[in-house]
Amino acid sequence: MNQTSLNLEQLRQSLRSSQRPLADWGGGEMAVSAVPGAGKSHSLSVAAAITIAHHGLHNQEKLLIVTYTRSAAAAIKAKINQRLQALGLPSLGFTVQTLHGLALSIALRHPEVSGLDPEQQTLVSPQKGHRLIKDAVEQWRRENPKTYQALVEAGNFDGETTETLRRQAVLSTEVLPELTKIVVAEAKSSGLSPQDVADMGHIALGSELLLMGAGLFKHYQALMEAKNWIDYNDMILAALRVLEDPHLCRQWQEQFFGVFEDEAQDSSPLQEKLLTRLAQNADGTIRLIRVGDPNQAINSSFTPADPVYFNQFCQRCQALGSFATMDQAGRSNLQVIAAANFLLEWVNQDWQARFNGPKVDTTLPFRPQAIRPVEPGDPQPNPPATDGGVEIRFPQDVNEEVEQIRRRLVPLLLANPHHNAAILVRENRQGRFVADRLKDVEKDGGLKVLDVGDQDRNSRIPGEILSLLQFIDRPHSPDLLKATLTVLQERQLIPTQDLNALAAVPEQFLYPTPLMPLLPSMAATAQGLCRSLLKARLELPAYQLIAFLGLALNYDSSDLATLQKLSERLQVQTQPERSLKNLLSELHTIANEEQFEAIASDNDEKYTRPGQITIITMHKAKGLDWDYVFLPFLHQDTLPGDLWVPKGGQFLGEFTLAEVARAQIRTVVHHRQQQKAGVIALPVTATAWQEARHLKEAEEYRLLYVAMTRAKRLLSLSAAQEGPFAWNQMQARKSPRLRPKQPSQALLALQKRFGS
């Protein structure tokens, strides 16, 4: 055995027994289902380095590794470079890309085929309130007056004018925009056109809803094309148009020896199609590894991602003998592992008992897959448990619940300053409530508290820039002045003070007469900043104001990168006249009608610093871990909760049109993915609504599983006996009325098994 072979074998032996099948991949399709904390990224990097070395890959034939976030791509790239360096090999023979970055690079290389032109087209992510969706709804309404009138008159309708106007408003601003948004996302992520959706609507009785959705989709797509706008699915569709050309497809396939996909449980049919095509060789064989965990699929109720697709891929590979389970995890203590495994088994058993007996694995909330501790001598041993490792509490009310967390957590971190902690909440409003009650921890205990919801700037940067530009445009408006002062205060650029007093008379605040008393120093600081903003308006052209405001707000490098992305977007959309008026109009749309995605930093270290209490949502916590994890507010109306039908739209029935349409489209897509023959039976409204409810319930339990498996040394779960009807009441009133709350049935089952 030569030295290179010896080094490769040593690298392989550094993996756990459950990780080695990934490193032993010899080609073909392979599925790897990895439990939380199994070391996916580490194993992928080792397998990539071994593949590169074994096959002598280079930049003309390289390994393609695809993930879904920039931070994950950067982390995997760094790890592969480390492995290659340890083997004495150059950093060649691989590329790590995000899925959308890959699609964009393919599409831009061949614009004449893809139809993508970044100089003329703008990437947008319209929300249901976006003017484009509003316009699509209005065009559909004018084209289908009878169908629209039938919606207005649904249910018990007395023809009263006020009720008619109310229903019209609900349909125009809520029901139909949400239906448009869901149909477009579900259809496009599966490569379906408006005509495809219309054809689906003709195949069964009671499918008028899909015909309606197809019409809304048609108008949406026509408006997008007229404005030269594209969305993220259009990027993938553009790449697939390139790969439909046999010659161009072969060129791209020859660049890649094979494809590794990370987080495959979050993939859509369109994404799977793109990667499979790139992984195909000249002889028709496919070199593709897909790694993921269907039990951590937590995005399927609000994105087109669906774990059923990865589960089906796992089943196919299992039949071919190319399936592996990466089931050993060294992240958590043994009690946390036992609790997570118990939750998985309890949910599946309860599901089978409620829904008529055993079901196939792909329809259960969880893939039957237990987490196993690592073997003795593992370099990442399971950490010791703090006290019992798992605690379950039922405080009197939510105020006492947070106070108990404080009394438990603060001494732990003070005694172990090198450890960290997190409080995981279901929604940001809960996080604000917790942060407000822990705000004196930093002052009294010297511990850092990070409220990630407050720090999350995915939509804050456009809103902040809009507030400042509106003030620059109309400085004598008290409301606009106060909005700017609020931004400056939240950014800690001016001291906390009574902003209402400063903004009451803008002229006196900004340019006081000599006879007026001098402002206090705190107010003078605010006055000076506001004047500098107005001065910039006189000295800079409108298109340069964006960059100036970023510097004035003291944005960090990540924020400035996001600001540059925003500025480039505005430059395209305000051509040819980049006036302040046009700038404000376009920025208002982005800030209020879209989900503008920030450019994230390349690591998540800020969330897991030692001595820090991080308050973060369960969704955002995926991929992270902490020594001590607290999960409060685990009530039945939240976990699993139920789909909510807004009161204003209940005249249509006890369901929402958008969720019914989603269930019907997914039925067709699942049928096609499995290549079943025969006519597709669309679920009727009642059945589709029930399927949508099941989808949400299963995902909520998976979310709890993900949250539990973030804990290393201590997992604390709680549900107060009393809580608010709605969490926005906790911010709106100092002493809101609390009501009795029922703990989640899952928490009661865990308490029965693990409680003292």
Side-chain angles (χ1 to χ4, degrees), residues 99-100 103 115-116 121-141 143-144 147-148 151 171-201 207-241 266-271 273-274 299-306 589-590 593-597 656-670 672 682 688 692 695:
L99 190 284
H100 291 109
L116 217 58
Q121 294 173 313
T122 303
L123 178 65
V124 297
S125 300
Q127 298 300 296
K128 69 178 184 181
H130 196 284
R131 62 187 179 188
L132 179 136
I133 291 182
K134 291 179 181 177
D135 290 346
V137 168
E138 179 59 24
Q139 289 183 8
W140 176 87
R141 186 189 68 78
E143 189 178 82
N144 300 273
T147 304
Y148 178 77
L151 292 174
L171 287 168
S172 298
T173 62
E174 293 293 332
V175 175
L176 294 178
E178 183 67 14
L179 176 62
T180 306
K181 177 173 171 285
I182 293 297
V183 168
V184 168
E186 292 289 332
K188 292 184 78 169
S189 69
S190 300
L192 300 174
S193 67
Q195 187 58 51
D196 292 331
V197 178
D199 291 342
M200 290 160 51
S207 57
E208 295 86 355
L209 178 58
L210 288 187
L211 294 175
M212 188 189 311
L216 290 163
F217 183 10
K218 180 188 73 174
H219 288 296
Y220 169 93
Q221 199 61 28
L223 287 168
M224 288 280 285
E225 292 171 1
K227 294 178 178 292
N228 268 333
W229 288 356
I230 58 171
D231 58 28
Y232 284 100
N233 283 316
D234 288 319
M235 292 165 60
I236 302 175
L237 288 165
L240 284 169
R241 281 195 293 273
D266 292 328
S267 187
S268 70
L270 208 61
Q271 295 164 3
K273 182 178 180 180
L274 175 65
N299 299 316
S300 57
S301 65
F302 56 89
T303 73
D306 192 331
T589 298
I590 294 170
E593 301 176 9
E594 292 186 31
Q595 182 63 46
F596 186 79
E597 295 192 11
T656 61
L657 299 185
E659 292 300 334
V660 171
R662 186 205 301 269
Q664 291 182 335
I665 291 174
R666 289 196 180 188
T667 296
V668 176
V669 174
H670 294 172
R672 292 181 177 180
L682 279 182
L695 175 70

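None of these values were measured; they are calculated from a predicted model.
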Ignoring hydrogens, what is the shortest heavy-atom contact between [X] and [Y]? Give both atom names and the distance.
X: Leu695; Y: Arg662; answer: CD2-CD, 4.2 Å
X: Ala661; Y: Val183; answer: CB-CG2, 4.0 Å
X: Ala239; Y: Ala103; answer: CB-O, 3.6 Å
X: Leu274; Y: Leu240; answer: CA-CD2, 3.8 Å
X: Ala663; Y: Ala688; answer: CB-O, 3.4 Å
X: Gly215; Y: Trp140; answer: C-CD1, 3.8 Å

Inset, instruction - Check the pair Asp306, Val669 against side chain to side chain contact (heavy atoms under 4.5 Å, CB included), reporting the backbone distance first and the verdict last. - result: CA-CA 11 Å; Asp306 192 331; Val669 174; over 6 Å; no
Looking at side-chain heavy atoms only, is the closest gap between [X] and [Y] below 4.5 Å?
X: Val124; Y: Met224; result: yes
X: Ile236; Y: Leu99; result: yes
X: Tyr148; Y: Leu176; result: yes
X: Ile665; Y: Ile182; result: no
X: Leu657; Y: Val660; result: no
X: His130; Y: Lys181; result: no
X: Val197; Y: Gln664; result: no

Distance (rounded to the nearest 0.5 Å) between [X] [atom1] and [Y] [atom2]:
X: Leu223; Y: Lys134; atom1: CG; atom2: NZ; answer: 14.0 Å
X: Leu211; Y: Met200; atom1: CG; atom2: CE; answer: 10.0 Å
X: Lys218; Y: Glu143; atom1: NZ; atom2: CD; answer: 4.0 Å
X: Ser190; Y: His670; atom1: OG; atom2: NE2; answer: 8.0 Å
X: Leu192; Y: Leu237; atom1: CG; atom2: CG; answer: 10.0 Å
X: Leu123; Y: Tyr232; atom1: CG; atom2: OH; answer: 4.5 Å

Legend entry - Expected output: side-chain Gln271 to main-chain Ser268 donor-acceptor under 3.5 Å: yes
Inset, instruction - Please confirm whether the backbone N or O of Leu132 pairs with a side-chain atom of Asp135, one donor and one acceptor, at under 3.5 Å? - result: no
Inset, instruction - Go through the steps to decide whether Glu178 and Thr656 satisfy the test side chain to side chain contact (heavy atoms under 4.5 Å, CB included), and finish with yes or no. - result: CA-CA 9 Å; Glu178 183 67 14; Thr656 61; over 6 Å; no
Legend entry - Qualifying residue for side chain to side chain contact (heavy atoms under 4.5 Å, CB included) with Leu179, from Leu216, Val137, Leu171: Leu216
